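Note sheet for the following structure.
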Amino acid sequence: MVVATGVPLPNLPRIPGIELAERYDTFDPDPEAFTGRRVLVIGRGNSAFETADGLMETAAVIHLVGSGSLRMAWQSHYVGHLRAVNNNFLDSYQLKSQNALLDGRVLEIRRDGDGFRVPVAFERVDEVVKDLRYDRVIVATGFRFDASVFDGGCAPETVVDGRFPAVTAVGESVNVPELYFAGTLTQGRDFKKSTTGFVHGFRYSVRALHRELRRRHHGEPWPVAELGGDPETAVGRIIERVNRSSALWQQFGVLGDLLLLAPDGTMRYAEEVPVGHVPGAVRAGDFGEVAAHAVITLEYGADHDRVDPFDVSAGRPSQRDASGLDGRYLHPVLRWYRDGEYVAEHHLTENLENEWDSEDVHRAPLRAFLAARCGPAAPVAP
């Protein structure tokens with residue numbers, strides 16, 4: 001059974017009086033109805049900023065409230081964080097209109113005449129509470145999974161405060177065998193890290209689930225291409241894939257291609273396998289007899305979300321640097337395993353136009369890496 005019902009329920013925070021607030025999914029966004037009004041938007045995601053942006057021309061004051069630091073998508077590379085198209089409100093705050101971004105927690109919402117009183121505990125000033133008055137309160141805090149269709153005998157475990165089912169790398173419930181999820185419901189596994197919550201990402205995860213279901217239930221092995229025993233063929237296939245694959249691009253670090261080395265030194269190639277699924281699948285023989293294998297992904301550097309991506313002095317490697325190890329922007333990574341154990345990894349250095357096909361900088365180092373490890377008697381590196 002595959003459940004692909006999306007996230008139809010509002011994710012309402014546990015705030016006394018939250019039922020008094022208007023909901024992002026149902027309120028009338030006509031700006032004229034907000035003329036001269038003081039407005040509080042609970043939430044600091046794209047829906048909250050989209051709401052504020054639409055009301056700025058007519059509302060007298062708009063406050064957005066939420067906990068933690070505001071994350072920008074262009075820095076975190078997670079498209080669910082604030083996008084530039086929705087951040088005009090920040091100018092009206094930092095360039096000092098009467099709008100503001102409140103770093104804190106709403107303690108309650110209560111009626112006050114024809115408006116509302118909302119005490120807010122400010123995080124950056126030691127939880128100082130300020131009682132603020134608003135004419136309209138809108139809650140824009142996202143959506144959640146509806147688990148009410150499952151009875152107690154097959155209720156799936158959930159994650160992220162119950163918002164999503166807990167699933168394996170291929171989308172199977174962690175506690176209900178043969179119950180699978182597809183689409184945005186599978187984002188809990190890598191919540192706010194990948195594109196699994198969005199159609200441009202989960203469409204590739206759905207294809208991976210399709211291939212795994214055909215293998216499990218119809219005896220059809222995961223599709224692989226025979227490459228023979230020449231490492232140069234593998235170099236060509238890897239370079240072609242990292243330069244052309246939308247799946248690896250969109251599902252960076254989540255889906256990966258596999259270079260499979262048989263005991264006789266011949267190689268095969270499998271595309272778009274969930275990275276978390278690979279160890280168990282190789283160990284179980286799902287890809288046939290494998291002596292060693294490589295997982296090829298596109299990834300950002302380890303600290304990419306903690307540095308200013310526009311700071312040219314932030315340790316970017318030279319475009320002629322063949323190591324690629326310090327690359328913070330998106331670049332191909334190849335990790336080599338033998339007998340299921342990690343051996344080594346190779347990074348193709350980042351490129352301004354994301355074209356990883358230079359003979360000197362990309363192909364030659366990759367060729368040397370594979371040549372040292374492919375073949376039936378390849379040594380295990382320390």
Side-chain angles (χ1 to χ4, degrees), residues 1-29 40-52 64-71 73 76 78-83 86 102 104-109 118 137-176 179-206 209 251 254 274 276:
M1 179 177 178
V2 180
V3 178
T5 52
V7 283
L9 301 180
N11 181 50
L12 298 178
R14 298 182 183 94
I15 298 171
I18 191 65
E19 70 280 357
L20 300 176
E22 301 172 75
R23 284 175 21 195
Y24 167 77
D25 58 323
T26 58
F27 89 105
D28 182 356
L40 174 67
V41 181
I42 301 174
R44 294 197 308 181
N46 281 293
S47 59
F49 276 87
E50 172 195 80
T51 300
L64 268 64
V65 61
S67 294
S69 297
L70 184 65
R71 303 300 304 278
S76 69
Y78 170 66
V79 297
H81 286 145
L82 183 59
R83 302 293 298 273
N86 292 323
L102 311 182
R105 297 176 296 108
V106 172
L107 300 182
E108 67 173 317
I109 303 170
V118 181
V137 177
I138 302 168
V139 58
T141 48
F143 299 88
R144 64 190 303 116
F145 168 51
D146 182 2
S148 66
V149 298
F150 300 97
D151 73 13
C154 62
E157 292 182 9
T158 59
V159 293
V160 192
D161 195 26
R163 291 181 64 183
F164 310 105
V167 297
T168 67
V170 295
E172 185 176 18
S173 169
V174 298
N175 67 305
V176 184
L179 172 61
Y180 299 88
F181 294 90
T184 192
L185 286 176
T186 57
Q187 66 180 287
R189 184 179 175 87
D190 42 44
F191 186 57
K192 293 190 176 181
K193 295 179 181 178
S194 78
T195 61
T196 306
F198 310 91
V199 64
H200 61 276
F202 68 60
R203 58 184 173 182
Y204 302 107
S205 297
V206 168
L209 172 60
Q251 283 286 57
V254 174

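Predicted model, so just to flag it, every value in this text is computed and none were measured.
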Note to self: I want to check something: taking the side chain as every heavy atom from C-beta on, are V137 and L20 in contact at a cut-off of under 4.5 Å?
What the structure shows: no
Checklist line | Residues D25, F143; criterion side-chain contact (heavy atoms from CB on, under 4.5 Å); working and verdict | finding: CA-CA 10 Å; D25 58 323; F143 299 88; 3.9 Å; yes
Note to self: Can you confirm whether P274 sits close enough to V254 that some side-chain heavy atom of one is under 4.5 Å from a side-chain heavy atom of the other?
What the structure shows: no
Notebook entry, point to check: Taking the six-membered ring for Trp, are F164 and F191 parallel (under 30°), tilted (30 to 60°) or perpendicular (over 60°)?
Noted result: tilted
Check: Can you find a pair of side-chain heavy atoms, one from L179 and one from C154, that are under 4.5 Å apart?
Finding: no
Notebook entry, point to check: Heavy-atom distance under 4.5 Å between the side chains of F27 and T51, does that happen here?
Noted result: yes
Item checked: Sequence-distant partners of A166, side-chain contact (heavy atoms from CB on, under 4.5 Å), two or more places apart -> E157, V159, V174
Margin query: With a 3.5 Å distance limit and no angle check, can you tell me whether N86 reaches the backbone of E50 through a side-chain donor-acceptor pair?
Written below: no
Next item on the list: Report yes if the side chains of Y78 and K193 come closer than 4.5 Å at any heavy-atom pair, otherwise no.
Entry: no
Notebook entry, point to check: Does a sphere of radius 6.0 Å around CZ in R83 hold more than 12 heavy atoms from other residues, nucleotides or ligands, not counting ones at 6.0 Å or beyond?
Noted result: no
Next item on the list: Step by step, work out the side-chain contact (heavy atoms from CB on, under 4.5 Å) result for V7 and R163.
Entry: CA-CA 8 Å; V7 283; R163 291 181 64 183; over 6 Å; no
Note to self: Which heavy atom of R189 sits nearest to which heavy atom of G276, and what is that distance?
What the structure shows: NH2-CA, 4.1 Å
Next item on the list: Could you check if a side-chain atom of V3 sits within less than 4.5 angstrom of a side-chain atom of F150, using non-hydrogen atoms only?
Entry: yes
Margin query: Side chains of R14 and D161, heavy atoms from C-beta outward: is any pair under 4.5 Å?
Written below: yes
